[in-house]
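Remarks on the structure that follows.
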Amino acid sequence: MKNYLLQLFKAAESKLTYLTEVELVFTVPSQKGHGDYSTNAAMILAKKLKQKPHEVANEIISNLDYDKTIIEKIEIAGPGFINFYFTPTFNTQIIKTIFNEKQNFGRSTKYSGRKAMVEFVSANPTGPLTVGHGRNAVVGDTVANMLEWIGYTVDREYYFNNAGRQMRMLGDSVRLRYLELTGKKTDFPDDYYQGEYIREIAAKLKENHGDALLDENAEGKFKQAAESEIFADIIGTLERINIRMKNFYNEHILYEEGRIDLLIKEFEKKNLSYEHEGAIWLKLSELGNENDKVIVKSSGEPTYRLPDIAYHITKFERGYDLIIDLFGSDHNATYPDVLAGLRALGYDTDKVRVLIHQFVTIMEKGEVVKMSTRKANYITLDELIDEVGSDVVRYFFNMRSISSHLNFDLDVAKKQSDENPVFYLQYAHARISSILRMTKEEGLDSSLQQLDLLSTPAEQSLLKKLFEFPEDVIYSAENYETHRITIYLEELAAHFHRFYTECRIIGSEKNLAEARTALCMAVQTVLRNGLSILGVNAPEKM
RNA sequence: GUGCCCAUAGCUCAAUCGGAUAGAGCAACAGCCUUCUAAGCUGUAGGUUAGUGGUUCGAUUCCACUUGGGCAUACCA
């Protein structure tokens, strides 16, 4: 529908050159009496042309060469909106499109040939993924899915660092637990990793190596064992919610390849850094940021900024057209430094899109659960999946705008009641499966021969909703907003349930019944496609 | 102190780069199953969009200030 309108306006541009001066936006009006699609173009142009909106609208309409079998009427309404009404016959044609494209309906080639990388999760291997990481993981994977749907080739990447102070403490935490198991008295510091998983890793080491590791230091076998155990755990958790990374990028590679040293020299050569009190500083204040920041400590050790910049350079070198970073809001102060550094080196940072999601607040028994990985006071993502299942987890994290805090009420989630809309969608899908089983038994087929019979308001509004799917996928993907997909699907399901209540198939006249069967199949396809973008299953039965 | 995010119905949240009468779900109330899944449908009620100004044909949206909350503000990552 939207495409047809765009074509109409494009064709009119030769006569009305001012049409090129406005970005055409067609929206589905919230009010029923305002047409199927609406544009405010005349009102925006009125200001530029210094004419009345209604006059401009009239001129535009008289220059639109439209097909009367597609558009029923065009109206000017309110302060100058142009409202379009499509014909019922045209509305039914969407079923044919869906039958042709099936599981690809909603995909587009708009960004075909372009490569994107989505970097997400990127938690260092110091403990199991928590519910907080869950939001990042699910949103990141879903954004990647959406980009694939609009044509991108997408790589999912997990960046991690297995060096540094935190990892040393992790190794030493395991060492101390190991010593405890061998009967040694230890003094386990408060700020070490308190989690039960540390004891489990230590126990495994004890089992495999006996007392042979008594003299090992924290950095060796202990850290190694912790890292590989924890990583295996993280990968397993991600698998459970259908997330598979293309690549795990170890920060250490940047050092091995000499990229860090090279970068330090590069900044120096471009006169972007200076030495002060034994440390090397980046002149970020000259690059538009608040303050200069240290990139190499006086100890000679780089700060995280340097490898972060070097890492992003590899993303540019790997030829991505779109580079997405997904972080929690605790990182909101770090990325401007990285981007400024990259820009100063001549990289086109418009290709980088940093998405910041707000925190997840866990509520249990009406109270906020404060979480800390080190203190082992947290709910793991695994536990959450155990409680509510992968579908609920994926849906829940996808259903909110990332700029909003997510209130995760564990008691509600555990209830698995109809308070969770994922069941509403899955129910619609399962209901259609059931209908199709029944109609088959009745000897009814689906037929595209007499779609004109789909003329009731419930059928027509359901058809119009189907048209919106491809448009909504593009919009959601271009704005990286996973929650819009959930909104669309909830609306589609609501339209379907209404149709189901009002329009019967079995018992209706054969041609009508078969047209309605086709409509059901089309709706089911769209539900399934939408759910697959979210990574949620579409059950045949419930 | 400063920067980013947030504040919308009793609760959890939407509202398409400024659009028409601010919408859903849950909770509440009143109805709908001898026929395709009632995990559903229909209706009622619920709002000074935190507050005060400003910008314009038009503001939940943009700007300023105020209030309240989250996250940052390291030679931690």
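So that the names make sense, note that chain A is the first sequence line, chain B the second, and so on, each numbered from 1.
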**Report entry** Separation of the C1' atoms in B/rC6 and B/rG70, to the nearest angstrom
**Finding:** 7 Å

**Report entry** Note, A/Leu282 side chain near A/Phe267 side chain (heavy atom, < 4.5 Å)
**Finding:** yes

Requested in this report: For nucleotides B/rC4 and B/rG40, find the distance between their C1' atoms and express it as a whole number of Å.
Outcome: 43 Å

Query raised in the report: In dot-bracket form, how is RNA chain B paired, counting a Watson-Crick or G-U wobble pair only if both its distances are under 3.5 Å and using | for bases paired to another strand?
Result: (((((.(..((((.....[...)))).(((((.......))))).....(((((..]....)))))).)))))....

Report task. Report yes if some heavy atom in the side chain of A/Phe396 is under 4.5 Å from a heavy atom in the side chain of A/Asp391; otherwise report no. Result -> no

Requested in this report: Please work out if A/Asp337 contacts a base, only the sugar-phosphate, or nothing of the nucleic acid, heavy-atom cut-off 4.0 Å.
Outcome: nothing

Report task. Measure distances between side-chain N and O atoms of A/Ser38 and base N and O atoms of B/rA20, and say whether any donor-acceptor pair falls under 3.5 Å. Result -> yes

Query raised in the report: Do A/Leu24 and A/Leu6 come close enough that some side-chain heavy atom pair is under 4.5 Å?
Result: yes

Query raised in the report: Going through the checks in order, is the ring pair (Phe, Tyr, Trp, His ring centres under 6.0 Å) test met by A/Phe160 and A/Tyr249?
Result: CA-CA 6 Å; A/Phe160 71 100; A/Tyr249 198 105; 8.7 Å; no

Report task. Write down the distance separating the C1' atoms in B/rA64 and B/rA27, rounded off to the nearest Å. Result -> 39 Å

**Report entry** Salt-bridge contact A/Arg437-A/Glu441 (side-chain N to carboxylate O under 4.0 Å)
**Finding:** no

Query raised in the report: So, A/Lys315 and A/Asp325, do they make that salt bridge, N to O below 4.0 Å?
Result: yes

Query raised in the report: Do A/Asn162 and A/Glu227 have a side chain donor and acceptor closer than 3.5 Å?
Result: yes

Query - Face-to-face contact A/His483 to B/rA14 six-ring, under 5.5 Å, under 30° - result: no

Query raised in the report: What is the nucleic acid contact for A/Val296, judged by heavy atoms within less than 4.0 Å: base, sugar-phosphate only, or nothing?
Result: nothing

Query raised in the report: Heavy atoms under 4.0 Å, any strand shown: does A/Asn124 hit a base, just sugar-phosphate, or nothing?
Result: sugar-phosphate

Query raised in the report: What is the nucleic acid contact for A/Ala77, judged by heavy atoms within less than 4.0 Å: base, sugar-phosphate only, or nothing?
Result: base

**Report entry** Short side-chain N/O contact from A/Lys297 to OP1 or OP2 of B/rC76, under 4.0 Å
**Finding:** yes

Query raised in the report: Of the non-hydrogen atoms in A/Ala522 and A/Leu466, which two are nearest, and what is the gap between them?
Result: CB-CD1, 4.2 Å

Query raised in the report: Side chains of A/Tyr304 and A/Asn161: donor-acceptor distance under 3.5 Å anywhere?
Result: no

Query raised in the report: Taking it one step at a time, do A/Tyr311 and A/Tyr159 satisfy ring pair (Phe, Tyr, Trp, His ring centres under 6.0 Å)?
Result: CA-CA 9 Å; A/Tyr311 173 47; A/Tyr159 178 66; 3.9 Å; yes

Query - Integer angstrom distance from the C1' of B/rG19 to that of B/rA39 - result: 37 Å

Report task. Verify, without hydrogens or angle tests, whether A/Ser173 (side chain) and A/Tyr192 (backbone) share a donor-acceptor contact under 3.5 angstrom. Result -> no

Report summary line: For nucleotides 3-12 of chain B, 5' to 3', base contacts (B), sugar-phosphate-only contacts (S) and non-contacts (-) with protein non-hydrogen atoms under 4.0 Å give BBSS-----S

Query raised in the report: Can you check B/rC33 for me, syn or anti if syn means within 90° of 0?
Result: syn

Report task. Name the orientation class of the two ring planes belonging to A/Trp149 and A/Phe469 (parallel below 30°, tilted from 30 to 60°, perpendicular beyond 60°). Result -> perpendicular

Query - Rounded P spacing from B/rU8 to B/rC62 in Å - result: 16 Å

Query raised in the report: Is A/Asn161 touching bases, backbone alone, or none of the nucleic acid, heavy atoms closer than 4.0 Å?
Result: sugar-phosphate

Query raised in the report: Relative to the 5' end of RNA chain B, which residue comes earlier, A/Ala430 or A/Thr334, by the nucleotide with the nearest heavy atom?
Result: A/Ala430

Report task. Considering only atom C1', compute the distance from B/rG23 to B/rU16 and round it to an integer number of Å. Result -> 14 Å

Query raised in the report: Taking the C1' atom of each, how far is B/rU60 from B/rA7, in whole Å?
Result: 11 Å

Query - A/Arg431 to A/Tyr500, cation-pi by 6.0 Å centre distance and 45° axis angle - result: yes

Requested in this report: Answer yes or no: side-chain N or O of A/Ser298 and base N or O of B/rC75 forming a donor-acceptor pair under 3.5 Å.
Outcome: yes

Requested in this report: Sugar-phosphate means primed atoms, P, OP1 and OP2; the rest is base. With that split, encode nucleotides 41-48 of chain B 5' to 3' as B, S or - using protein heavy atoms under 4.0 Å.
Outcome: SS------

Query raised in the report: When we call it a touch if two heavy atoms are under 4.0 Å apart, what does A/Met399 touch: a base, just sugar-phosphate, or nothing?
Result: nothing

Requested in this report: For nucleotides B/rG18 and B/rG54, find the distance between their C1' atoms and express it as a whole number of Å.
Outcome: 15 Å

Requested in this report: Check whether any side-chain N or O of A/Arg484 sits under 4.0 Å from OP1 or OP2 of B/rA15, and answer yes or no.
Outcome: yes

Requested in this report: Classify the side chain of A/Asp330 and the base of B/rA77 as holding, or not holding, a donor-acceptor pair under 3.5 Å.
Outcome: no

